[in-house]
There are 2 protein chains.
Amino acid sequence: MSKKINNATIVQNANVYFDGKVNSRTVETADGEIVTLGFMQPGSYEFNTSSTELMTVLNGSMVIKRENDDDWKEFTAGTSFTVAKDSSFQVKVDTFADYSCSYS
Amino acid sequence: MSKKINNATIVQNANVYFDGKVNSRTVETADGEIVTLGFMQPGSYEFNTSSTELMTVLNGSMVIKRENDDDWKEFTAGTSFTVAKDSSFQVKVDTFADYSCSYS
């Protein structure tokens, strides 16, 4: 049974990236934290960060490469990775990737 | 500025349909109503209903045809349509469709 986020505020409209191939919903938790719940379609993407990001794969998988990574690394459901503030990371998705992202 | 749903509970993992081409998040509102916030990629889909559904396009557009419709009808951002309980409807999406669905 999937985790639930209680007493939260959700912005109804999705955030849309790469013509909709990546989209997410912004959630403000009860303690004021921002979390985005996102979904990626098959493809290759690059994202820039303006804060430290903790990405957790909820379902599906993604292969990623951060600026300082020598190799690509795969992350599947239940695994997480961090991306430094003011950096970027590349993502490749084969089937789909359901993910959450929190910021610090 | 997009509408916000306050004091809600969100199921973190997405509902995944058509290999992820359609996915949604389940939200329980403060008064116990279930709303799903979903996103459709380009393609053709058919959905069955087990309750009356009120679909609202938030962004993008979709063309739909319900069982009793003679023709296809386009719905763009801000427009809604209802689908009868225990029926089905076909959907065609050209770019993407961000939508909400409530049940009664």
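Chain letters run A, B, ... following the sequence lines, proteins first, then strands; residues in each count from 1.
- Looking at every heavy atom in both residues, B/R25 comes nearest to A/L37 through NH2-C, 3.5 Å.
- In this structure, A/L54 and A/F81 have side chains that are not in contact, with every pair of non-hydrogen atoms separated by 4.5 Å or more.
- Hydrophobic cluster membership is shared by B/V93 and B/I64, with clusters built from Ile, Leu, Val, Met, Phe, Trp and Tyr side chains linked at under 4.5 angstrom.
- Here B/N13 is the residue among B/N59, B/T26, B/N13 with the most heavy-atom pairs under 4.5 Å with chain A.
- Contact annotation for A/V16: only side-chain heavy atoms (C-beta onward) come within less than 4.5 Å of a heavy atom of chain B.
- Counting heavy-atom pairs closer than 4.5 Å to chain B, the top-ranked of the candidates A/G38, A/G60, A/A14 is A/A14.
- Proximity to chain A is absent for every atom of B/V35, based on heavy atoms less than 4.5 angstrom apart.
- Nearest approach of B/E53 to B/N48, heavy atoms of both residues: OE2-O, 4.3 Å.
- Listed options B/I10, B/L58, B/T95 were ranked by heavy-atom pairs under 4.5 angstrom with chain A; first place goes to B/I10.
- Heavy atoms of A/N6 lying under 4.5 Å from chain B belong to its backbone as well as its side chain.
- Contact count versus chain A (heavy atoms, under 4.5 Å) is highest, among B/N7, B/V27, B/D19, B/N23, for B/N23.
- Side-chain atoms of B/F89 and B/Y45, non-hydrogen and from C-beta on, never get closer than 4.5 Å to each other.
- For B/T76 and B/S61, the side-chain atoms include no donor-acceptor pair closer than 3.5 Å.
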